[in-house]
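Contents: one structure, followed by commentary.
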Amino acid sequence: MTTVVRFAPSPTGKLHVGNIRAALTNYLFARKTGGKFLLRLDDTDIERSTEENAQGIHTDLAWLGLTHDLFAKQSERTAAYEAAADKLRTVGRLYPAYETPDELERRRKRQLAQHKPPVYDRAALSLTPEQRADLEAKGRKPHWRFKLSGKSVEFNDIIRGSVHIETASLSDPVLIREDGRFLYTLPSVVDDIDFAITHIIRGEDHVTNTGVQVEIFEALGAPIPAFAHFSMLVGAGGEALSKRLGSLSIEGLREEGIEPQAINSLLAKLGTSDPVVPRATLDELVADFDLAKFSRAPAHFDPNDLKAINHKLLHAMPYDAVASGLSRLGVGGGAPFWEAVRDNIQLLNEARGWWHVIEGPLEPVIEDASLAESARALLPNGPFTDATWNEWTSAVSAKTGAKGKALFRPLRLALTGQPHGPEMRKLLPLIGPERAAKRLAGQAA
RNA sequence: GCCCCCAUCGUCUAGCGGUCUAGGACGUCGCCCUCUCACGGCGAAAACAGGGGUUCGAGUCCCCUUGGGGGCGCCA
């Protein structure tokens, strides 16, 4: 049987690292098992869903390389949901209720005050036909609730093991709003059935939902997919991640200059027993993916880890992989430039700074004027090569007697304006004879 | 408030009653390499949350405490 999994974001905001962990896990599972990956937009909440957010989801996933095989939008599938709702009515599992949101809110507060769980009391179930007719006559429109069995739902979670949900302690979920629109619950199950989803892999914030969803699958006569709920991500300080989601949007990280594979590498391994190491491709992550490696405890997500991985990723990256990125930054110099600077940057856009060091104009720092002048005079005439730096500095040393730090530091400062950076052996040929001569003379170049 | 889940180095974790004076990875620190930083090589420091049980024996099983996470919507 081919596996089919899905990532089902709702386009009510930007994708963040938590979302991507879900997307990635599903993507990797699909690739690992030779299955299919469905991207489904859960856009039943039309007030909060926007086309811009939907577009952003596509952009982010494409940027990360998380391509889908199937696509669906819940807003276009209402006919299927209507049919399912009819079926639930037929089997007596969907009943009308007339409380207003305010009323329900008041009841919840009262229950909480009495130290009781805020569960719906099913008052609507005992409405007589006359009472219903009366309410309808007053213009009250019902919303529709799914009648839970009250039994314990058990399922074997691939990550969490045996899970029991007491549906008696849950409110009968509202499936259809007063205005006729569907809430997420029923569409989600209907889509999972229609797209033959075999594995539902998502965050543990959905484990309770699983109880009601399993009952809906059963009421609809559909097979129950396998479930896997991974733990949530918490911030570096242990705080819930949602508090700082704003700065952790994928769009934000992209703008910051983080490489997509840095994000994939971290998120695929965080909370698993595999070491977090930079991986240049998604295929490498697929190779050792296994749901059995996921821990049940919440994992700490530290944005600084992202930078560290990004740095290592960049260091190992061949020029071909960054060529387009560099040209977007307005950086030239080709492979020689990249190979000179890649060890010294954490973010690709920092290459711009080093490109400026080469292209100029920059104000040289002359620490030792006489040394700089001697060095300038000894500059070879021909084009600079890889060997130039060594030959030249040897000559300067022989002439002036300076060596070690006293020799190299002033030269580096004069040529680059900074006390450290990439190897001068590689930088000098890029700076070239003309700029080198001017900078050693103390002129901006 | 009620229900569920979790708890090993700073971080991610291995560990499924004796082989644990607790292993690995990342990070940190030191040394080496070296013109600087980085890379690389070698090495070091670093953890079983606390308290009770069970057992000949507990990181491993049970209970409590503490801490963290999740849930309790006409959100998803």
Side-chain angles (χ1 to χ4, degrees), chain A residues 8-13 19 42-45 47-49 74 97 99-102 104-105 108 111-120 141-145 157 160-161 163-166 168-171 173-179 181-185 187-188 202-209 211 229 231-234 236 238-241 266 269-278 293 295-302 304-305 308-309 311-312 315-316 341-346 389-390 393 397 403-413 416 418-425:
Chain A
S10 79
T12 53
N19 290 323
D42 283 9
D43 53 356
T44 52
D45 186 344
E47 272 115 41
R48 296 193 301 144
S49 296
Q74 292 192 327
E99 294 87 353
T100 65
D102 276 359
L104 293 168
E105 182 61 28
R108 269 194 294 271
Q111 287 169 311
L112 248 15
Q114 292 169 355
H115 306 297
K116 286 195 285 206
V119 175
Y120 177 59
K141 283 246 179 355
H143 54 277
W144 295 78
R145 287 188 187 261
D157 191 292
R160 307 170 73 78
V163 178
H164 305 248
I165 306 290
E166 298 301 328
S169 66
L170 266 30
S171 295
V174 175
L175 262 31
I176 308 172
R177 297 190 211 231
E178 188 185 315
D179 63 7
R181 281 157 46 207
F182 289 91
L183 277 97
Y184 136 96
T185 310
S188 176
R202 61 208 329 187
E204 71 171 0
D205 49 340
H206 285 285
V207 313
T208 315
N209 289 339
H229 292 93
S231 60
M232 306 309 284
L233 254 23
V234 294
E239 75 283 9
L241 206 57
L266 212 212
K269 298 303 187 185
L270 200 60
T272 75
S273 52
D274 277 334
V276 177
V277 290
K293 292 174 178 171
S295 160
R296 292 208 262 171
H300 291 72
F301 175 88
D302 187 344
N304 289 326
D305 292 343
I309 290 177
H311 181 197
K312 295 201 165 196
H315 172 232
V341 305
R342 65 179 173 185
D343 289 352
N344 291 76
I345 58 176
Q346 285 211 311
W389 173 257
N390 279 337
T393 53
S397 181
K403 56 187 171 188
K405 200 173 177 181
L407 169 66
F408 296 112
R409 184 184 150 92
L411 294 180
R412 174 180 284 278
L413 277 167
T416 71
Q418 296 176 50
H420 34 241
E423 283 186 69
M424 287 306 298
R425 179 173 64 84

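Chain letters run A, B, ... following the sequence lines, proteins first, then strands; residues in each count from 1. Any value given below was found using the heavy atoms of this structure, including those in side chains, with hydrogens, waters and symmetry copies removed.
- Comparing the C1' positions of B:rC61 and B:rU55 gives a spacing of 10 Å, expressed to the nearest Å.
- Although no hydrogens or angles enter the test, the distance criterion places a donor-acceptor pair under 3.5 Å between the side chain of A:S49 and the main chain of A:D45.
- In this structure B:rG30 sits in a base pair with B:rC42, meeting the Watson-Crick or G-U test at under 3.5 Å.
- Backbone-only contact: A:G271 has heavy atoms under 4.0 Å from sugar-phosphate atoms and none from a base.
- Rounded to an integer number of Å, the gap from CG of A:N304 to C1' of B:rC12 is 15 Å.
- Residue A:R412 places no side-chain N or O under 4.0 Å from the OP1 or OP2 atom of B:rU34.
- Counting any heavy atom pair closer than 4.0 Å across all strands shown, A:E99 reaches a base atom.
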- Stepwise side-chain contact (heavy atoms from CB on, under 4.5 Å) check, A:V276 with A:D305: CA-CA 9 Å; A:V276 177; A:D305 292 343; over 6 Å; no

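- Separating the CE atom of A:M232 from the C1' atom of B:rC6 is a distance of 14 Å, rounded to the nearest angstrom.
- In this structure, A:A97 and A:R145 approach most closely via the heavy-atom pair CB-NE, 4.2 Å.
- Annotation: A:K141, atom NZ; neighbour count of heavy atoms from other residues, nucleotides and ligands within 6.0 Å does not exceed 12.
- Separating the CG atom of A:N390 from the P atom of B:rC35 is a distance of 8 Å, rounded to the nearest angstrom.
- Distances from the side chain of A:D42 to the nucleotides B:rA76, B:rG1, B:rG70 place B:rA76 closest.
- Taking all atoms of both residues into account, the shortest heavy-atom contact from A:S231 to A:A297 is OG-O, 2.8 Å.
- For A:P298, the side-chain atoms get nearest to B:rG69 when compared with the rest of B:rG69, B:rC5, B:rG70.
- Toward the 5' end of RNA chain B, the nearer of the two residues A:W389 and A:L104, judged by each one's closest nucleotide, is A:W389.
- The base of B:rA76 has none of its N or O atoms less than 3.5 Å from a complementary donor or acceptor on the side chain of A:D205.
- Within 4.0 Å of A:H143, counting heavy atoms only, lies at least one base atom of the nucleic acid.
- Taking atom C1' on both nucleotides, B:rG70 is separated from B:rG30 by 43 Å, rounded to a whole Å.
- Residue A:H206 and nucleotide B:rA76 are classified as a stacked aromatic pair, their ring centres being separated by less than 5.5 Å at an interplanar angle below 30°.
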Quick test: give all pairs of protein nitrogen or oxygen and nucleotides 44-47 of chain B nitrogen or oxygen below 3.5 Å, distance rounded to 0.1 Å.
none

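- Across all strands shown, A:P422 has heavy atoms under 4.0 Å from base atoms, whether or not it also approaches the sugar-phosphate.
- Counting only heavy atoms from C-beta outward, the side chains of A:E99 and A:Y120 approach each other to under 4.5 Å.
- Taking atom P on both nucleotides, B:rC42 is separated from B:rU8 by 30 Å, rounded to a whole Å.
- Picking from B:rA38, B:rC5, B:rG1 the nucleotide with the shortest atom distance to the side chain of A:L112 gives B:rG1.
- Protein atom CG of A:L233 is 13 Å distant from nucleotide atom C1' of B:rU11, rounded to whole Å.
- Comparing B:rC12, B:rC2, B:rA76 against the side chain of A:P117 picks out B:rC2 as the nearest.
- Among the protein residues, A:M424 comes within range of the nucleic acid bases, having at least one heavy atom under 4.0 Å from a base atom.
- Here A:H315 pairs with A:D343 under the side chain to side chain donor-acceptor pair (under 3.5 Å) rule; sequence neighbours left out.
- Nearest to the side-chain atoms of A:T44 among the listed nucleotides B:rG1, B:rA76, B:rG70 stands B:rA76.
- The separation between A:R296 atom CZ and B:rC12 atom P is 17 Å, rounded to whole Å.
- The shortest distance between the side-chain N/O atoms of A:R409 and the OP1/OP2 oxygens of B:rC35 is not below 4.0 Å.
- Here the closest heavy-atom approach between residue A:S10 and residue A:D42 is recorded as CB-O, 3.0 Å.
- Using atom P as the reference point in both B:rG10 and B:rC29, the two lie 16 Å apart (nearest Å).
- Nucleotides B:rA44 and B:rG59 are separated by 24 Å at their C1' atoms, to the nearest Å.
- Minimum atom distance to the side chain of A:H300 is reached by B:rC12, of the listed B:rC12, B:rC35, B:rU36.
- Between B:rC72, B:rG71, B:rC74, one nucleotide has an atom nearer to the side chain of A:S171 than all others, and that is B:rC72.
- Across A:P419 and A:R409, no two heavy atoms sit closer than the pair CB-NH1, 3.8 Å.
- Annotation: of the two residues near RNA chain B, A:H115 and A:R160, the 5′-most nearest-nucleotide partner is A:H115.
- In this structure, A:S10 reaches the sugar-phosphate backbone alone: every heavy-atom distance under 4.0 Å involves primed, P, OP1 or OP2 atoms, never a base.
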- Please lay out, stage by stage, how A:R181 and A:T44 fare under the test side-chain contact (heavy atoms from CB on, under 4.5 Å). CA-CA 8 Å; A:R181 281 157 46 207; A:T44 52; over 6 Å; no

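- At least one side-chain nitrogen or oxygen of A:S295 sits closer than 4.0 Å to the OP1 or OP2 atom of B:rU13.
- Nearest to the side-chain atoms of A:V119 among the listed nucleotides B:rC72, B:rC6, B:rA76 stands B:rC72.
- The side chain of A:R145 places an N or O atom within less than 4.0 Å of a non-bridging phosphate oxygen (OP1 or OP2) of B:rC74.
- When the nucleotides B:rG71, B:rA38, B:rC74 are ranked by their closest atom to the side chain of A:D343, B:rA38 comes out on top.
- Considering only the side chain of A:E204, B:rG70 comes nearest among B:rG70, B:rG71, B:rA38.
- Taking atom CG of A:L411 as the reference point, atom P of B:rC35 lies 13 Å away to the nearest angstrom.
- Using a 4.0 Å heavy-atom criterion, one finds that A:W144 contacts no nucleic acid atom at all.
- Nucleotide B:rU11: paired with B:rA25 (Watson-Crick or G-U wobble, both distances less than 3.5 Å).
- A 3.5 Å limit on both hydrogen-bonding distances identifies B:rG71 as the Watson-Crick or G-U partner of B:rC2.
- When heavy atoms are screened at a 4.0 angstrom cut-off, A:E423 is found touching base atoms of the nucleic acid.
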Extract from the structure each pairing of a protein N or O with an N or O of nucleotides 24-27 of chain B at less than 3.5 Å, listing the distance.
residue: B:rG27; atom: OP1; partner: A:K312; partner atom: NZ; Å: 3.1

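- Contact annotation for A:T272: backbone-only contact, meaning every heavy-atom pair under 4.0 Å involves sugar-phosphate atoms and none involves a base.
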